[in-house]
There are 2 protein chains.
Amino acid sequence: MKVGIPKGTRDFSPQQVNKRNYIFNTIKEVFIKYGYQAIETPTMENLSTLTGKYGTEGDQLLFKVLNNGDFLGKADIQALDSRDSVNILPSISKRGLRYDLTVPFARYVVMYQNDLVFPFKRYQIQPVWRADRPQKGRYQEFYQCDVDVVGSNSLVYEAELAQIYDEVFGKLNLPVRIKINNRKILAGIAEVAGIPNQFMNMTVAIDKLDKIGIEGVKKELANRGLSSQAITQIEKILAVKNLEELKPFMDNSETGKKGIEEIEKVFQYLGDYQAANEIAFDITLARGLNYYTGCIFEVQALNIEMGSIGGGGRYDDLTGVFGLKDVSGVGISFGAERIYDAMEELSLFPEDDSKDLKLLFLSFDEQSHLYAFQQLIKVRAAGINAEIYPEPVKMKKQMKYANGRGAQFVSIIGSQEMESGQLSLKNMVTGEQEKMSIASIIDKLK
Amino acid sequence: MKVGIPKGTRDFSPQQVNKRNYIFNTIKEVFIKYGYQAIETPTMENLSTLTGKYGTEGDQLLFKVLNNGDFLGKADIQALDSRDSVNILPSISKRGLRYDLTVPFARYVVMYQNDLVFPFKRYQIQPVWRADRPQKGRYQEFYQCDVDVVGSNSLVYEAELAQIYDEVFGKLNLPVRIKINNRKILAGIAEVAGIPNQFMNMTVAIDKLDKIGIEGVKKELANRGLSSQAITQIEKILAVKNLEELKPFMDNSETGKKGIEEIEKVFQYLGDYQAANEIAFDITLARGLNYYTGCIFEVQALNIEMGSIGGGGRYDDLTGVFGLKDVSGVGISFGAERIYDAMEELSLFPEDDSKDLKLLFLSFDEQSHLYAFQQLIKVRAAGINAEIYPEPVKMKKQMKYANGRGAQFVSIIGSQEMESGQLSLKNMVTGEQEKMSIASIIDKLK
């Protein structure tokens, strides 16, 4: 009999669960401190909610759930007869698995708009599913950690989201660079380079700078039909190191000036903030997604070769697709899977023994086994993680379990211990062994 | 535009998420103290893993995920042409959604048997999906909380699982009765009533005692073909109140005697344990599931009309279906959804302000808004949950947000506060208002 799990999915062992929760809990704690509240949405959404929101490729990567019962009996006959896997879908599948947390969030905001207090600050940490070809670091089921605020244009939120990035990675001891730019500045570049209609072409090319270098970007811009004059101008602007150097270039672009103003405002808010990491303007940051309209963010891990481990920005029309217009929002997300890999590679997970087995009782015979269980009751009543080897079998077998299970202390009980009430306590790390009462053991381990 | 979610699924608001996590965290804490470790398994399992494990009805209630791409092109032609919704499944769907946590656990144990330390004590708290007709209290997506140990026959585990029930419900302040029985005693009853081959018929009928009363059970036993003599004998035995009263009836059943012995051993282990709830032998407890072979448990909430809020027992062949024989295990589960409902109805959720908004800054103008943000930075640096209204708009609008958001304290900043450094601090519950420095505010709220 072959047992296995679908490709692209994973089981998590106790050690992995603990490490993952360490990341999630660190992130949650910061979210809550900044006034964000958790929501959860269902694993399955109506396909009418999901379809058409992620482009054609996204639609193909949606996992669709078959209608129950006699679905073929209700299938679209024409599509069935022509073996049309796309057009038969609406008649045999009503539900799909959550593809990201953004669309369900938009749906949530529209659905409960009358109950919510705006600006609505929410976070959401849940798995999503994509039928991507699995490869190293890419899974069909993975977690997203999103934090967004909707219903306000205030740049206060850009400032606090930058702080959230800084604080989370500070707490995780994972050094990063937090890059900030503004789509209005990119629009300004397109304007002053004389190619306002080629804005998206330009953005998509700039977005690849990290991967293909400036020569690659120039080549791509040329391929996308930009004049060499425009490309020269863009190259010159992409070389600026800070907002002051950028300003003269934007003299003739109101949009570009607005973008600079917005970033300056964010840094003004951050005035007294003691950042653990660099939070820096980066003109080369573009973010491929075309729904961003204002500030954009990206987080780069230092000391390790890895794509971005976080990103986000301001969008002006999250909920329009569900019929609620003019709701501006800004949000960021944490790439939990990559953060995990980075922390593993850099050995950043702290020793956390709060979930470990502190004390294990072993025993020599039936009578001492029962006696040991009564001592165990007292130890647990004191809140100490403890257990007993279930039977008084050969001590070698019991010790093997103690080692395999990683017990920190072991107490071996025999008739002598029962009579004297002086129990042995062995530190499994140092090998040190003592005799003491159960009360003293509890005091020591508490 | 109509927005909604699939029937039988739910969104959870921040308040609901917090309450649910209160239950889950209480349960986890106890699991960990008793030496159980968390695992997580994928949402999707291969249908070959799931199918045939839950009976015919269960197979129908499995949510099946469509294969991606041109699934009709690879569909079983014969099944397609005859519109056979059942037989087409293997060719168009390889994956299904997790239906419970037991089968994935069995699959996990078999898959990692060489890496695990036995006895393997695991807990698992994850959602499952069933295409049941939705109704009050029954959902298509809901959480299960399972705790099991496999690889040992020791009754130590029965004892500690009873303790776990007791401790969790003690911590939740939800009074319960923890019922324990043994399938061997039920087998003994069938033996001494002369109907050993009607064991399952008898068990299924007894399982309904709570709902249909003893007369109903007798009627059902008669309908299932039991003689009036057997029924009289069964009724007499079901009336016993404790193990002592039961013993004479089991004189002629070795199996029955073994069952009594096992329960006595469990109570012997529990000797010194100070239970918060009644843990009691109940001969009428049957548990419908036929894979139980030893002790069985069920938890009944007191003070409220509700089905059982937990159950479990010992099984002797969890992993046999995946090719690993002779692995005995025992486990229990918590009915998290019903526990939530019971706690809501009895108003048992404690006030927990750790996730609440402690302090909200409001401001009169641009300058004081920026100043307030700098104070906010200090407050957050001290670990206090706080935020700022994003803009210095009309105070009435800002106060409306403060109330809607449930802020515990509000600090309104204007030019006077900026100059003096003496900030106002209003307690939103008592209405009390003070003036103090930011350092004092931090001291007070910390």
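Keep in mind that this is a model prediction, so the values were computed, not measured. Order of the sequence lines fixes the chain letters, A, B, ..., with proteins taken first and strands second; residue numbering starts at 1 for each chain.
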Side chain, backbone, both or neither of [X] within contact of chain A (heavy atoms, under 4.5 Å):
X	value
B/Leu324	neither
B/Tyr401	both
B/Thr49	side chain
B/Ile384	backbone

Heavy-atom distance under 4.5 Å to chain B: side chain of [X], backbone, both or neither?
X	result
A/Ala407	neither
A/Leu155	neither
A/Gln274	neither
A/Glu29	neither
A/Leu89	side chain
A/Ser152	side chain
A/Phe71	both
A/Val65	both
A/Gln163	side chain
A/Ser48	neither
A/Lys265	side chain
A/Leu116	neither
A/Asp81	side chain

Quick one: which of A/Glu167, A/Gln140, A/Lys355, A/Lys28 has the most heavy-atom pairs under 4.5 Å with chain B, could you say? A/Lys355

Would you please say whether a donor-acceptor pair under 3.5 Å links the side chains of B/Tyr112 and A/Asp11? yes

Scan side-chain atoms only and decide if A/Ser154 and B/Glu391 contain a donor-acceptor pair under the 3.5 Å cut-off. no

Got [X] and [Y] here, is their nearest side-chain heavy-atom distance under 4.5 Å?
X	Y	answer
B/Glu387	A/Tyr36	no
B/Lys33	A/Lys358	no
A/Arg83	B/Lys74	no
B/Leu97	A/Leu97	yes
B/Leu66	A/Ile92	yes
B/Ile5	A/Arg107	yes
A/Phe373	B/Val156	yes

For B/Tyr143, all residues meeting ring pair (Phe, Tyr, Trp, His ring centres under 6.0 Å), sequence neighbours excluded: B/Phe24

Residues in residues 118-126 of chain B that sit under 4.5 Å from chain A, counting heavy atoms only: B/Phe118, B/Pro119, B/Lys121

Residue pair [X] / [Y]: nearest heavy atoms and the distance that separates them:
X	Y	result
A/Asn46	B/Gly4	ND2-O, 3.5 Å
A/Ser85	B/Asp70	OG-OD1, 2.6 Å
B/Ile39	A/Pro14	CG2-CD, 3.8 Å
A/Tyr269	B/Pro390	OH-O, 4.5 Å
A/Tyr108	B/Phe12	OH-O, 4.0 Å

Give the member of [options] that has the highest number of heavy-atom pairs under 4.5 Å with chain A.
options	value
B/Ile88, B/Val110, B/Asp356	B/Ile88
B/Arg20, B/Gln16, B/His369	B/His369
B/Gln15, B/Glu45, B/Met44	B/Met44
B/Lys400, B/Met111, B/Lys94	B/Met111

A/Asp59: which residues meet the side-chain contact (heavy atoms from CB on, under 4.5 Å) condition with it, sequence neighbours left out? A/Thr51, A/Leu62

State the CD1-CG distance between A/Ile32 and B/Asn385, to the nearest 0.5 angstrom. 7.0 Å

Starting at CG of A/Leu357, measure out to OH of B/Tyr34 and round the result to the nearest 0.5 Å. 14.0 Å

Within the side chain of [X], is there an N or O that forms a donor-acceptor pair under 3.5 Å with the backbone of [Y]?
X	Y	value
A/Thr9	B/Pro42	no
A/Asn68	B/Gln60	yes
A/Glu40	B/Ser13	no

According to side chain to side chain donor-acceptor pair (under 3.5 Å), does anything in residues 373-382 of chain B pair up with another residue at least two apart or in another chain? List the pairs. A/Glu160-B/Arg380, B/Gln375-B/Lys378

